[in-house]
Amino acid sequence: GDYGAALQSARMHAAQCAWTHGCNDDAAFVERSGLGDKASELASWMAWQRRYAEAKARGATDGDAHAIACGYKSAA
């Protein structure tokens, strides 16, 4: 890998560590991340985290919540 790829990986990791479910504006968070063309990966990761948390809050098991967040299983 090169320096640019390593820097993007570090930015992604830092953004994932800094983000919480309490974030009120995911789009603004992604925009401020500095990830450029990789920003959609962060947005996708955040959406997955939210789907997982919602499933858990509805009483899903860890496995079911994972399947729901991935789209393999219906939330209903």
Side-chain angles (χ1 to χ4, degrees):
D2 62 14
Y3 178 77
L7 186 56
Q8 283 295 81
S9 291
R11 280 188 179 124
M12 179 67 78
H13 181 73
Q16 289 173 335
C17 288
W19 181 83
T20 70
H21 291 277
C23 178
N24 294 328
D25 190 346
D26 287 349
F29 187 94
V30 169
E31 187 176 318
R32 289 189 311 267
S33 70
L35 287 168
D37 62 346
K38 297 286 187 177
S40 64
E41 288 181 35
L42 177 61
S44 177
W45 177 86
M46 292 160 70
W48 188 96
Q49 296 297 323
R50 291 205 183 275
R51 289 189 304 272
Y52 180 88
E54 288 168 11
K56 288 293 289 178
R58 288 191 305 271
T61 65
D62 288 341
D64 283 348
H66 187 272
I68 290 166
C70 289
Y72 301 137
K73 185 173 184 168
S74 171

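Within the 3.5 Å criterion, the main-chain N or O of E41 finds no donor-acceptor partner in the side chain of S44. When atom types are taken as modelled, the side chain of S9 and the backbone of A5 share a donor-acceptor pair closer than 3.5 angstrom. Counting only distance, with no hydrogens or angles, the side chain of Q16 and the backbone of L42 share no donor-acceptor pair below 3.5 Å.
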### Task
Using the side-chain contact (heavy atoms from CB on, under 4.5 Å) rule, take W45 and M12 through it: C-alpha gap first, then chi angles, then the decisive distance, then the call.
CA-CA 10 Å; W45 177 86; M12 179 67 78; 5.7 Å; no
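Considering every non-hydrogen atom in both I68 and A60, the closest pair reads CD1-CB, 4.4 Å. The two residues C70 and W48 have their closest heavy-atom pair at SG-NE1, 3.3 Å. Heavy atoms only, all atoms of each residue included: T61 and D64 are closest at OG1-N, 3.0 Å.
From E54, atom CD reaches atom CZ of R50 across 8.0 Å, with rounding to the nearest 0.5 Å. Distance check: L7 CG to D2 CG gives 10.0 Å after rounding to the nearest 0.5 Å. If you take OG on S33 and CE on M46, they are separated by 8.5 Å, rounding to the nearest 0.5 Å. Note: F29 CZ to T20 OG1 = 8.0 Å, rounded to the nearest 0.5 Å. Within the model, atoms CG of D25 and CD of E31 stand 9.0 Å from one another, a figure rounded to the nearest 0.5 Å.
Environment of NE2 in H21: crowded, with over 12 heavy atoms of neighbouring residues, nucleotides or ligands closer than 6.0 Å. Other residues, nucleotides and ligands contribute at most 12 non-hydrogen atoms within 6.0 Å of the NZ atom of K73.
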